[in-house]
Structure formats: structure tokens, C-alpha cells
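What follows is a set of notes on a single structure, which appears directly below.
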Amino acid sequence: MKPAKIISTSDRVTRKCKPKGMIIPRMDHTLSRKYIPASALNVLNRLHDSGFAAYLVGGCVRDLLLGLKPKDFDVATDAHPEQVRRLFRNSRIIGRRFKLVHVIFGREVIEVSTFRVPDAHTQGHSEHGLVVRDNTYGTLDEIDKDAIRRDFTVNALYYNIADGSIYDFVGGLIDLKKRLLRVIGDPEVRFREDPVRLIRAVRLAGKVGLHLDPLIIDAIPTMQGLLAHISPARLFDEMLKVIVSGKAAQVFQLLLKYHLLDFLMPEVHKALNKDPKHYSVALITKALENTDQRLKEHKTINPAFMLAVWYWPVLLVNQQNIATEAPLTSQTFEQAALKTLSTAIQHLHIPKRLTATMRDIWHLQHRFSTRPNKSWLELVAHPKFRAGYDFLLIRAEVNPDDQAIATWWTHFYNSDLDARVDLLANTELSAPITADKTKKRRKRRKKKFFSETPS
Ligand code: ATP
Ligand code: MG
């Protein structure tokens with residue numbers, strides 16, 4: 001391995017870039033080193049000590065200036081990926097479209113990108129105008145060009161480790177003060193280049209609490225169709241970012257408001273429209289609020305749970321369609337679940353380990369509402385029981401039809417083994433799932449439970 005270019009601290013050059021942007025000296029802004037984690041400082045300092053320019057850039061600068069905790073830290077430098085790779089043993093080069101270096105510190109990853117400049121010769125475009133390759137590196141003097149290829153003004157602020165100043169070439173600081181999310185350049189051109197920016201706009205607006213520039217709002221209806229050309233893998237990544245944004249319920253409202261769900265998850269959108277009582281929107285909102293709360297409390301979340309909630313309305317529609325031709329059984333339920341997943345993965349590339357959990361959670365909903373039987377004693381030990389039960393509780397919170405079944409299961413779950421056995425024995429005679437006491441009525445209600453749509 002070729003040794004990295006190391007220069008001693010005393011030889012450090014605090015190089016200034018030539019392009020004229022606004023330079024805000026350390027004393028005139030609030031971004032303090034003490035809020036930058038040791039991992040990011042390590043990367044910045046080593047690059048700087050080795051004679052390279054090193055800046056924090058993007059969402060982390062935006063969030064730190066707003067007093068928020070950044071999700072991740074990105075570094076921009078004039079060092080080429082191979083040079084960065086040589087400086088850090090704990091790093092690897094990733095990406096084809098954009099070559100980047102990931103420097104890995106345990107569970108933390110610092111993403112290091114080399115300044116890019118637009119170059120008509122190397123920048124590749126697909127037939128729909130999407131940028132598919134962008135690997136021309138820039139020097140420190142071209143940092144302003146690196147700034148303007150970024151998506152939003154508030155995402156193009158650079159924190160210089162050399163002197164603690166912030167560089168702003170696109171008016172990002174003023175927009176940040178105004179809490180305004182504004183595209184760099186012409187929104188139509190920039191959204192055409194990369195339609196995922198539409199989802200990023202809505203996600204960042206919801207997450208950080210920024211309002212969308214009217215020019216973005218105007219561009220959405222004409223640009224949203226371009227999302228159809230984005231790979232299911234990339235769309236899945238974006239949806240995952242929505243789920244873990246910490247403000248997912250808010251982002252969901254914006255996705256609905258600006259009709260972006262129609263393109264991200266067309267089946268979910270259709271199913272929501274078929275639900276006159278709006279239970280499905282309430283279900284998704286409630287589950288997202290719970291997810292946001294869990295993240296706030298630093299608890300773990302399982303994206304499969306949220307995806308199971310998201311596609312539940314679709315499953316109910318599929319189940320209804322199948323039920324018109326065949327009686328409702330475990331098989332028809334499974335059939336509806338499989339159909340739901342096969343259409344879902346056409347748009348979002350949901351990994352198999354997540355679809356397996358989604359199926360488990362759905363299957364449990366079905367088991368919860370069948371006739372009581374002894375196998376329920378083992379059901380509580382099912383590895384996904386807790387997730388399935390939590391799902392049921394949210395259903396009950398938004399749909400009164402599901403309340404009796406949830407109450408029964410809460411009682412069962414909280415009982416000891418003897419009490420569970422008793423409960424099962426008695427339940428066979430009375431009606432567990434519905435509040436009704438007669439067998440006849442129970443049957444009717446049970447049937448209704450399956451054939452009625454929303455949850
Ligand atoms: P988050 O808080 O979700 O991490 P972020 O703005 O940091 O938000 P990242 O995906 O981490 O988003 O990207 C880091 C930076 O890279 C962005 O702030 C932006 O400058 C640039 N960037 C990311 N995606 C795009 C894109 N599709 N087009 C242009 N620039 C982008
Ligand atoms: Mg980020």
C-alpha cells in the first residue's frame with residue numbers, strides 16, 4: 001500500500017479557496033466543534049493534517065446550525081477517493097454513480113466525498129434526463145461548483161475544519177434563518193436530473209421543519225411522474241429514511257398532501273382511497289407517531305412493522321377481492337398476503353428478511369381472529385407475537401370494530417398459563433372476539449370481521 005501523504009501539524013497550510021462565497025468566521029455562527037463527534041473530527045483532522053482541504057458538509061451542518069442532532073456526518077475534500085482510502089485503514093470505496101469513501105468507526109460511518117464539478121464529457125444522463133454518472137473531481141478552487149450540484153441551499157453549507165468558518169455559495173444561511181427549503185437552480189431542471197429530490201424535499205421539510213419554496217410546490221405535479229423511472233432499490237432506501245426520520249408522521253402527511261405516495265406506493269394510495277372511513281390513514285399515522293416516539297426515547301424500531309402497517313390496507317382490499325370468489329380461510333388470507341407483497345416489491349425493493357416479518361405480522365392478525373383454539377397457548381411464544389400484538393392494538397385504537405378482539409388478547413396475554421387455559425375454555429362457549437354473548441351472533445360478527453374492509 002502506498003503511504004499516504006502526511007505533513008506535520010506545524011506544516012499545516014490553511015488554504016483558502018478562491019471562489020467568492022460568503023465566508024462566515026467562527027465567531028459569527030453557532031456551530032461549535034464540541035457538537036462534532038470524535039469520529040468526524042478524526043477524519044477532518046487527518047485529512048487536514050495531510051495537506052488536504054476538509055469540510056463538513058450537507059445535512060450535518062444544516063442540523064447543527066438548527067440545534068438538531070445530525071443523523072450522519074458527511075465530509076467533503078479535495079483528496080481523491082483512493083487518497084482517502086490510503087489515509088484510513090478503516091475505510092472502503094463505495095458507489096459507481098458517485099464514488100465515495102466510507103470511513104468506519106464501529107457502528108458509525110463517516111462518508112467522505114471528493115469535490116465534484118459538472119463535466120459535460122463525463123456526466124452521464126439516462127434517456128429521461130437523470131444523472132447516472134458524475135465522477136469528475138474538482139479542486140478546492142472549484143468548491144463552489146461542488147456546492148451547486150447539491151440539491152437544496154440549506155444542504156450546501158461547508159464547515160471548514162481549518163478555521164471553523166462556514167462557506168455559503170448559494171444563500172443557504174439566509175434560507176435556514178427563514179426556514180425555507182429551496183432548490184439550487186431551476187427546480188424543474190434539478191428534479192428532472194434526479195426525481196428522488198422530490199421525496200428528499202418533502203422528507204427534509206417534515207423532518208427539519210422547513211417550509212417548501214413555492215417553486216418546489218409548483219414543480220411537484222409535473223415532475224412526480226418521473227419517480228416511475230427510479231429503481232425500486234433507491235425508492236426503498238428513501239422510504240426507509242422516511243420511517244427513521246423521527247418525524248415520519250409529519251412526512252407521511254406531506255407525501256399525501258403533495259400526492260407523492262401515488263407514485264411511491266401506488267397500491268397503498270389506491271387502497272387508502274377505497275377506505276371511506278379513513279381508518280387506513282389513521283392506522284398508518286398512528287403507527288408512524290409510535291415510531292417517532294420510540295426513536296425519541298432511543299428505542300429500536302423495526303421497519304418491517306411499519307411496512308406491514310403501510311401495506312395492510314392493500315392486503316384487506318386483496319382479501320376482499322379474493323373473498324368474492326372463495327370462502328375466507330387461512331389459505332385465502334395467505335394468498336392475499338402474497339399478492340400484496342408481490343405488487344409491493346415491484347415498486348419498493350423490500351429485502352426478504354423484512355417481507356418475512358411482514359408476513360408473520362399479518363399472519364398473526366389472521367390467527368388473532370380465528371376461532372379460539374389450544375394452539376393460541378403457543379402463539380404467545382411466537383417470535384413475532386409482540387409485533388403482531390402491537391399491530392393489533394394500533395388497529396383497535398383507530399377502528400372500533402377491532403377493539404373487542406384487542407381487549408380479549410390483552411387479557412389473554414397478561415394472564416398466567418392457568419388463567420389462559422381457563423380463558424380459552426370459557427371463550428369457546430362465549431364469544432371472545434366480539435363483545436356479543438350468543439354463538440349465533442358471534443358467527444355473524446366473525447364473518448363480518450373478515451369481510452369488512454378497513455382497519
Ligand atoms: P439526512 O439528515 O437525512 O442525512 P442529508 O441532507 O444529510 O439529510 P444525505 O442523504 O445524508 O442527506 O446527503 C448528504 C448531502 O449530500 C446532502 O445534504 C446534499 O448536499 C447531498 N445530496 C444527497 N442526495 C442528493 C441528491 N439526490 N442530489 C443532490 N445532492 C444530494
Ligand atoms: Mg446526512
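Worth knowing before you read on, the calculation uses all heavy atoms, side chains too, and leaves out hydrogens, waters and symmetry mates. In what follows, residues are counted from 1 in the order of the sequence shown. Owing to the predicted nature of the structure, the values given are computational and were not obtained by experimental measurement. Whatever order the structure lists them in is the order used to number ligands and atoms, beginning at 1.
With 3.5 Å as the limit, one finds no donor-acceptor pair spanning the side chains of Glu289 and Gln293. Side-chain polar atoms of His102 and Glu111 form a donor-acceptor pair below 3.5 angstrom. Donor-acceptor pairing under 3.5 Å is recorded for the side chains of Arg395 and Gln365.
For ligand 1, the polar-atom distance check finds an N/O of Asp72 within less than 3.5 Å of one of the ligand's N/O atoms. Looking at Gly59 next to ligand 1, an N or O pair under 3.5 Å apart turns up.
The nearest non-hydrogen atom to atom 8 (O) of ligand 1, considering only Lys71, Arg62, Glu193, comes from Arg62. Ranked by closest heavy atom to atom 17 (C) of ligand 1, the top entry among Arg190, Arg234, Arg197, Arg200 is Arg200.
Ligand 1 lies less than 4.0 angstrom from a heavy atom belonging to Asp194.
Interface atoms of ligand 1 facing Gly58, defined by a heavy-atom separation under 4.0 Å, are 18 (O). For ligand 1, the atoms closer than 4.0 angstrom to any heavy atom of Lys207 are 1 (P), 2 (O), 3 (O). For ligand 1, the atoms lying closer than 4.0 Å to a non-hydrogen atom of Lys241 are 10 (O).
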Decide ring pair (Phe, Tyr, Trp, His ring centres under 6.0 Å) for Phe391 and Phe368; before the verdict, give the C-alpha distance in whole Å, the side-chain angles of both, and the deciding distance to 0.1 Å. CA-CA 11 Å; Phe391 192 112; Phe368 290 154; 9.3 Å; no
Please evaluate residues Glu82 and Lys99 with respect to the criterion salt bridge (Lys or Arg N to Asp or Glu O under 4.0 Å), reporting the C-alpha separation (whole Å), side-chain torsions for both, the decisive distance (0.1 Å), and the verdict. CA-CA 10 Å; Glu82 293 71 20; Lys99 243 188 193 184; 3.3 Å; yes
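Between Ser91 and Val101, the shortest heavy-atom contact is CB-CG1, 3.7 Å.
Using a 4.0 Å cut-off between heavy atoms, Asn155 contacts ligand 1 through both its backbone and its side chain. With a 4.0 Å heavy-atom cut-off, ligand 1 is reached by the backbone of Asp151 and by its side chain too.
Backbone or side-chain N, O or S atoms of Asp72 reach the Mg ion (ligand 2) at under 2.8 Å.
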